[in-house]
There are 2 protein chains.
Amino acid sequence: MPRDGQLTRERLLEAAERLVERNGFAATSVDAILEESGSSKGAFFHHFANKRALAHALVERYVDADLSLLRAGLDAVEAEPDPVQKLLAFLGFYENWSGDLTSESACLYIAVVTERDLLDDQTGGQVERAILGWRAAVAELFRKAYAARGLTHGPDPDDLADQLFVVFEGSYLVCRALGSGEPMRAQLRVYRQLVESLLSD
Amino acid sequence: MPRDGQLTRERLLEAAERLVERNGFAATSVDAILEESGSSKGAFFHHFANKRALAHALVERYVDADLSLLRAGLDAVEAEPDPVQKLLAFLGFYENWSGDLTSESACLYIAVVTERDLLDDQTGGQVERAILGWRAAVAELFRKAYAARGLTHGPDPDDLADQLFVVFEGSYLVCRALGSGEPMRAQLRVYRQLVESLLSD
DNA sequence: TCGGTATCAGACTGTTCAGTCTGTTGTATC
DNA sequence: GATACAACAGACTGAACAGTCTGATACCGA
């Protein structure tokens, strides 16, 4: 029966991600993951030394996907020559992306950060990698837009960049609380409008 | 030994809040709460029908405190006659407040929203009460500032108000992830600067 | 064809968990 | 001082949990 171990591992990760995003890590039992993925205990502990090792793999995988989403946004606006328009189009990309979100959508970062004893060097470092990845890329867009507008003062580009990440995460939370994907769209739009106002002074 | 039951109940709630904010609800055992509060099983289940009832009491208590913080901000700027300055001073109040935050600071909303099967009518309704409370009050400040500036278009005041809540929550998450209270201060400052820019057009 | 190894399947184990139950103690009331 | 009851204390229970262990089964190189 064993054929492609990587496929089984992937199925386990997918099932785990669904359940952890839904209920958090501690509330997600290994047995529940097995049922969701149609796998067995033997398979699980063959691929992961323990539950924590699953968390590590889960977060690393999620950060990779998240940074791919960042790159997708950057790629989508690469051709735009004007730095200000480029930044605004970049933000518009995610407004557009957020159209797919439902009330079921959730972010793994929230689950990871909720449980402090899960936030070890491994998982903590991965989440940090995501935050710093977004910061570096988006701050660069802000710096070039600042330069194009001849702005010498104003909010720190790094902080402005972090604000986008913060809006993503805060919106995920509000979406869950209000049972709708709409707040994400509204909040990304507001952030873009605020940035637009800042750069039009 | 039994004297003031309310005091014991309060000690249980305080201990539970510390632990739940630290590790989430599912990862916080009743036994851990008993140890943290120096109480007993008998005491716990005398005051709470079950663990879920504790969650309900915990969230209601937290929302009350959160809305008190909102009122504190409103009260602090009540004397300011100019609507724009009032709004900016209001936001400044929380920048100031955020100075007390450490890397240990956390928000119960994140823990509640993380675990979907904890988000029933009871807890969900309480978190909604908090969001709508902030939205109503802050949107009102925005509407008056808009009127004072003669602004007829721009971001929706409700969405602008939600953005403050979103920035709070997203910043809590980033603070936890980066192990510092600094991002909260930086993000509240950026939000205030963006609003300032919007209202100075 | 035959060992070797990766890939599982699932019974089993020790621990931890939420919740129960029995009994005790302070304290107010008459 | 007897009664009544709220406020515990803590031993106990059944279920759920993470993790172990013994095999079984496919596939691969020699």
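Computed from a predicted model, the values in this text were never measured in an experiment.
For residues 176-201 of chain B, no pair satisfies ring pair (Phe, Tyr, Trp, His ring centres under 6.0 Å), with sequence neighbours left out. Applying the side chain to side chain donor-acceptor pair (under 3.5 Å) definition to pairs two or more places apart or across chains, none involves residues 80-92 of chain B.
Rounding to the nearest 0.5 angstrom, the gap separating the CZ atom in Arg11(A) from the CD1 atom in Ile33(A) is 14.0 Å.
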Practice task
Given ring-ring contact (aromatic ring centres under 6.0 Å, His included), test Phe44(B) with Phe48(B) step by step and report yes or no.
Solution key: CA-CA 6 Å; Phe44(B) 184 93; Phe48(B) 305 101; 5.5 Å; yes
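Side-chain atoms of Asp162(B) do not come within 3.5 Å of backbone N or O of Gln187(A) as any donor-acceptor pair. Counting only distance, with no hydrogens or angles, the side chain of Glu115(A) and the backbone of Phe25(A) share a donor-acceptor pair below 3.5 Å. One N or O on the side chain of Ser68(B) and one on the backbone of Asp64(B) form a donor-acceptor pair closer than 3.5 Å.
The nearest whole Å value for the distance from the CG atom in Asp4(A) to the P atom in dT7(C) is 8 Å.
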Would you tabulate the pairs of protein nitrogen or oxygen atoms and nucleotide nitrogen or oxygen atoms of nucleotides 16-20 of chain C closer than 3.5 angstrom?
unit_1  : atom_1 : unit_2   : atom_2 : d
dA18(C) : OP1    : Val30(B) : N      : 3.4
dA18(C) : OP1    : Lys51(B) : NZ     : 3.0
dA18(C) : OP2    : Val30(B) : N      : 2.8
dA18(C) : N7     : Lys41(B) : NZ     : 3.2
dG19(C) : OP2    : Lys51(B) : N      : 2.7
dG19(C) : N7     : Lys41(B) : NZ     : 3.4
dG19(C) : O6     : Lys41(B) : NZ     : 2.9

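Contacts with DNA chain C (heavy atom under 4.0 Å) in residues 6-22 of chain B: none are found.
When the ring-ring contact (aromatic ring centres under 6.0 Å, His included) test is applied to Phe45(A), no partner is found at least two apart in sequence or on another chain.
Inter-residue side-chain proximity for Leu160(B) and Leu194(A) is flagged as met; some heavy-atom pair is nearer than 4.5 Å.
Note on the helix from dT1(C)-dA30(D) to dC30(C)-dG1(D): terminal axis deviation equals 10°, with five pairs used at each end and the result rounded to 10°.
Within the structure, a side-chain polar atom (N or O) of His46(B) is placed less than 4.0 Å from OP1 or OP2 of dA7(D). His47(A) has no side-chain polar atom (N or O) that falls below the 4.0 Å cut-off from OP1 or OP2 of dA6(C).
Checked against the 6.0 Å centroid threshold, Tyr94(A) and Trp134(A) count as a close aromatic pair.
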